[in-house]
2 protein chains.
Amino acid sequence: MSPGRIPLYRALYEKLRRHIVDGLYREGDLLPSENELCKLHNLTRPTVRKALDLLNNEGFIKRHQGLGSVVHKLPKGIGILSISGTTTAIGRDNLETRTIIKPVLTSWPPDFPFSLSDNEKEVGCMNFTRLRLVSGKPVIYDISYIPNINLPRFTARNLDNKSLFNILRTAYGIEVKGGEQYIKAINAPEPDICSILDIRPETPVLHLQRRIDTNRLNFYLYSILYCNTGGHSLYGIF
Amino acid sequence: MSPGRIPLYRALYEKLRRHIVDGLYREGDLLPSENELCKLHNLTRPTVRKALDLLNNEGFIKRHQGLGSVVHKLPKGIGILSISGTTTAIGRDNLETRTIIKPVLTSWPPDFPFSLSDNEKEVGCMNFTRLRLVSGKPVIYDISYIPNINLPRFTARNLDNKSLFNILRTAYGIEVKGGEQYIKAINAPEPDICSILDIRPETPVLHLQRRIDTNRLNFYLYSILYCNTGGHSLYGIF
DNA sequence: CAGTGGTCTAGACCACAGT
DNA sequence: CTGTGGTCTAGACCACTGA
């Protein structure tokens, strides 16, 4: 599958995003004005604005009429409520992912929280779980379900320290477009999850149920997350 | 300054949004195509597309190249993660708001979770709390802090069953533009909050700390929420 | 194939912030 | 005042869907 053409606004977005993340701009700094960016990259203003819209929607900048685009700091993975430490910010360095249960083809759980199409029910799903650790400490346990539709050799893939989204994009041409999630606070669930997250049974835990949209029509990813927020909060913008 | 001119794309967005919420379109229905909407409302395509972008970002529609804009099912939880959800209570009837502590001018709490500018510290803040009830049952306890900057007669206002955002917009010309939040699961906090939410002391509760951006430069609203998710999930899109 | 949304251009006028 | 971002127009070509 070819990488696919990258839109100009997207390329500019990623360039500016990298500059912000890498610290070329600091919190409170002004980005070049829209007209300056036009000249710098040989683009027209709507295209530049679309790139800035993305940065704005993801919280990297805030725009102010008459002033400019102000850098707002902050990391954020695509569509994820990223983790933010209570004391120190978390870079990509100390974030680790371990596969606990490797992908297996199975049928959907009877108590699955999302309604499934007939097609999804019929083909069953890949099921696998991963543990996210911050500075070596377990924080998020992620149970993923992917409909078993045209993903050859997926069960053989190693997901450790790799982005599931990147694998889906590069190997299968599937792009994540967004999603929805339901969030609850619960007391720690089954004992095995407690031990994986290294928490006592009565610990309060965040429980997230997510359905993730892709560029394939009627193809969704599902995941259920348990998150120990004792040391870190989930962070989101809106 | 008067209520402020409403942009064309915004007007179209609100019209379509109302049609979806009112059930004129159902889940899975196709919206009129972009070109049809252009003709119907005498707008150009970029303007129409901007309205659709808003609907898309808030989860009301999903667009598919070659197919059209598909109406998405409405969220069943409480849309506190999305900006539009708080004002109009998507998907939930019987949402009620009661003021528990009326607005009082005070100083900022010593353990305030967000860093404040010197100006904010100097002027102090309005503090008030509200309780959100769904079908008569308490669900969210909302502790709000607003910097005491040029908001005449605010303490005299009645906030019951009114949108704080609407009051700020109509009476003071302040528009909410977005915000950020930190989310944790905790065991139920102080006893008075437990009794207000009608929960036992060991109940797990969602804890949200939010900073909300406005169209006024360096003017933010702050609120701390405790949410009993025993009966309802919080819902969000990304 | 026709129609859809996705991207992009090249202009225009306005409202607001800082000087 | 100048320069900023906010809004809007009127075209164009492409990639994808469904028939």
Side-chain angles (χ1 to χ4, degrees), chain A residues 1-14 16 28-57 60-72 173-175 177-178 213-219, chain B residues 1-14 16 28-57 60-72 173-175 177-178 213-219:
Chain A
M1 202 72 67
S2 69
R5 198 178 123 283
I6 294 176
L8 299 176
Y9 75 89
R10 181 105 203 153
L12 176 57
Y13 154 77
E14 280 168 5
L16 293 171
D29 283 358
L30 281 175
L31 243 45
S33 78
E34 296 180 356
N35 283 319
E36 284 172 341
L37 288 173
C38 292
K39 288 168 195 160
L40 282 170
H41 301 87
N42 281 307
L43 298 169
T44 54
R45 225 181 124 212
T47 306
V48 166
R49 279 183 64 78
K50 188 145 185 178
L52 295 176
D53 281 345
L54 283 181
L55 290 170
N56 185 60
N57 289 340
F60 288 103
I61 63 171
K62 289 293 171 190
R63 294 145 108 182
H64 293 284
Q65 205 172 66
L67 178 59
S69 296
V70 182
V71 173
H72 185 271
I174 294 174
E175 303 262 5
K177 286 180 70 178
D213 305 327
T214 71
N215 58 344
R216 280 200 198 173
L217 208 45
N218 298 320
F219 182 74
Chain B
M1 204 65 78
S2 54
R5 196 179 122 284
I6 294 176
L8 299 176
Y9 75 87
R10 180 105 203 152
L12 176 57
Y13 154 77
E14 280 168 5
L16 292 172
D29 284 358
L30 282 175
L31 244 45
S33 78
E34 297 179 357
N35 283 320
E36 283 172 343
L37 289 172
C38 291
K39 288 168 196 159
L40 281 170
H41 301 88
N42 280 309
L43 298 170
T44 53
R45 226 182 121 209
T47 307
V48 167
R49 279 184 64 78
K50 188 146 186 177
L52 294 177
D53 281 344
L54 283 180
L55 291 170
N56 185 60
N57 290 339
F60 288 102
I61 63 171
K62 289 293 171 191
R63 294 148 107 183
H64 294 283
Q65 205 173 71
L67 178 61
S69 297
V70 182
V71 174
H72 192 264
I174 294 174
E175 303 262 4
K177 286 179 69 178
D213 306 326
T214 71
N215 58 343
R216 280 200 198 173
L217 209 45
N218 298 320
F219 182 75

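Keep in mind the model is a prediction, meaning the values are calculated, not measured.
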side-chain N/O Tyr9(B) vs dC8(D) OP1/OP2, d < 4.0 Å =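 Checking Tyr9(B) against dC8(D): no side-chain N or O falls below 4.0 Å of OP1 or OP2.
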Notebook entry, point to check: Just to confirm, is there a sub-4.0 Å distance from OP1 or OP2 of dG5(C) to any side-chain nitrogen or oxygen of Ser69(B)?
Noted result: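 Looking at the OP1 and OP2 atoms of dG5(C), one of them is under 4.0 Å from a side-chain N or O of Ser69(B).
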Rounding to a whole Å, what distance do you find between [X]:[atom1] and [N]:[atom2]?
| X | N | atom1 | atom2 | value |
| --- | --- | --- | --- | --- |
| Lys39(A) | dG11(C) | NZ | C1' | 15 Å |
| Gln65(A) | dC16(C) | CD | P | 6 Å |
| Leu67(A) | dG5(D) | CG | P | 8 Å |
| Tyr13(B) | dC8(D) | OH | C1' | 20 Å |
| Leu8(B) | dA12(C) | CG | P | 20 Å |
| His64(B) | dA15(D) | NE2 | C1' | 15 Å |
| Leu30(A) | dG3(D) | CG | P | 15 Å |
| Glu175(A) | dA15(D) | CD | C1' | 14 Å |

Query raised in the report: Hey, mind stepping through Glu175(B) and Thr214(B) against side-chain contact (heavy atoms from CB on, under 4.5 Å) and telling me if it holds?
Result: CA-CA 5 Å; Glu175(B) 303 262 4; Thr214(B) 71; over 6 Å; no
Taking all non-hydrogen atoms of both residues, which atom of [X] and which atom of [Y] are closest, and how far apart?
| X | Y | result |
| --- | --- | --- |
| Leu12(A) | Leu43(A) | CD2-CD1, 4.0 Å |
| Ser69(B) | Leu52(B) | OG-CD1, 4.1 Å |
| Ala11(B) | Ile6(B) | N-CG2, 4.0 Å |

- Item | Interatomic spacing from OG1 in Thr47(B) to CD in Glu34(B) - rounded to 0.5 Å |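 If we round to the nearest 0.5 Å, Thr47(B):OG1 and Glu34(B):CD are 11.5 Å apart.
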Roughly how far apart are Arg49(A) CZ and Asn56(A) CG, rounded to 0.5 Å?
->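 Reported value, rounded in 0.5 Å steps: 9.5 Å.
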DNA chain C contacts made by residues 43-55 of chain B, counting heavy atoms under 4.0 Å =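 When residues 43-55 of chain B is checked for heavy atoms under 4.0 Å from DNA chain C, the hits, listed by number, are Arg45(B), Arg49(B).
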Can you tell me the base-pairing partner of dG6(D)? Count Watson-Crick or G-U wobble geometry only, both distances below 3.5 Å, and say none if there is no partner.
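Across all strands, the one nucleotide that pairs with dG6(D) is dC13(C).
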(message) If you only use heavy atoms from C-beta on, which nucleotide in dT17(D), dG6(D), dC8(C) is closest to the side chain of Glu34(A)?
(response)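 In terms of side-chain proximity for Glu34(A), the closest of dT17(D), dG6(D), dC8(C) is dG6(D).
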Residue whose closest nucleotide on DNA chain C lies nearer the 5' end, Glu36(B) versus Leu217(B) =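 Result: Glu36(B).
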- request: Would you mind telling me which residue lines up with the more 5' stretch of DNA chain C, Asn42(A) or Gly66(B), judged by nearest nucleotide?
  value: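 It is Gly66(B), whose closest nucleotide lies nearer the 5' terminus.
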Can we say Asp53(A) and Arg63(A) salt-bridge, meaning some charged N sits less than 4.0 Å from an Asp/Glu carboxylate O?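 Yes, this pair counts.
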task: Take Arg63(A) and Asn215(A), find for each the nucleotide of DNA chain D with the closest heavy atom, and name the residue whose nucleotide sits nearer the 5' end.
output: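 Checking each residue's closest nucleotide, the 5'-ward one belongs to Arg63(A).
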